[in-house]
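This report refers to the structure that appears directly beneath it.
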Amino acid sequence: MTFTSPDHPPPELSTLGLAGNRPLLIVDVDEVLGLFMEGFARYLGGQGLEMRFDRFALFQNIYLPGEDTHIDLETGQAHFQAFFRDAVADMPVADGGPEALARLSHRADIVILTNAPGQALEGRARWLKRHGMDYPLLINSGLKGPVAAALAAQAVGPAVFIDDMIPNLDSVAEHAPAVARFQTVADPRLRSMAPSRPDLHPRIDGWDGLEAAITGVLDAAVR
Ligand SMILES: [Mg+2]
């Protein structure tokens, strides 16, 4: 487990236990491998609050039951930090994600690149392990393009980047245009609300289609 941020030098694949002699998949966690909003919603329920899936936003969706105005953003932020400290290991898994990664791991190295507060590290690592996704874990802060570029430059063969957030996908397009990008949104309730740029980053919701598309990138490279 390693931290990355604009202030840290990007990690070497060898320090992550990877030889760098295969294609590389760089995979996000929240709303890609895990249902973050659902996990956070369950946590908030235990705090007497409710998450409404009204828009593609976070703190603006947290309400006291029966209220029309969301709770203040600072309180939302405090719950967010507490969720990552106390409850991030209980998040539901995205359908088919662990199985798809297990199959893809026969052909490519996998690095989990997640933007999360530092206190999430242990819980997140536990969650990944429990669900059969014990791949090298990088906790990042900031846009993901620079670290994805540094990782991809060390790999042999194609690299693929998967995330739900357009700013991260844009950042990878800018810093590492040769890296194949796919957007996916794991929670069906968020799909219609999530911003997309399908001309730039193909959008594939659901791991069946995503696995097929990633396999297509790997196949094209060996042709
Ligand atoms: Mg995410």
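Just follow the structure's listing: the first ligand is 1, and inside any ligand the first atom is 1. Just so you know, residue 1 is the first one in the sequence shown, and it goes up from there.
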(message) If we count only N and O atoms by modelled type, under 3.5 Å, do the side chains of Arg203 and Thr184 hold a donor and an acceptor together?
(response) no
(request) Rounded to the nearest 10 degrees, what's the angle OD2 of Asp28 makes with OD1 of Asp164 at the Mg ion (ligand 1)? Could you check? (result) 90°
(message) So, 2.8 Å as the limit: is an N/O/S atom of Asp163 located closer than that to the Mg ion (ligand 1)?
(response) no
(message) Under a 4.0 Å threshold between the charged nitrogen and the carboxylate oxygen, would Arg52 count as salt-bridged to Asp54?
(response) no
(message) Regarding Glu31, does it place an N, O or S atom less than 2.8 Å from the Mg ion (ligand 1)?
(response) no
(message) Please verify the inter-ring angle class for Tyr43 with Phe40; under 30° counts as parallel, over 60° as perpendicular, anything in between as tilted.
(response) parallel
(message) For Asp86, I'd like to know if atom CG has over 12 heavy atoms of other residues, nucleotides or ligands within 6.0 Å.
(response) yes
(request) Just give me the atom name: the N, O or S atom of Asp30 closest to the Mg ion (ligand 1). (result) O
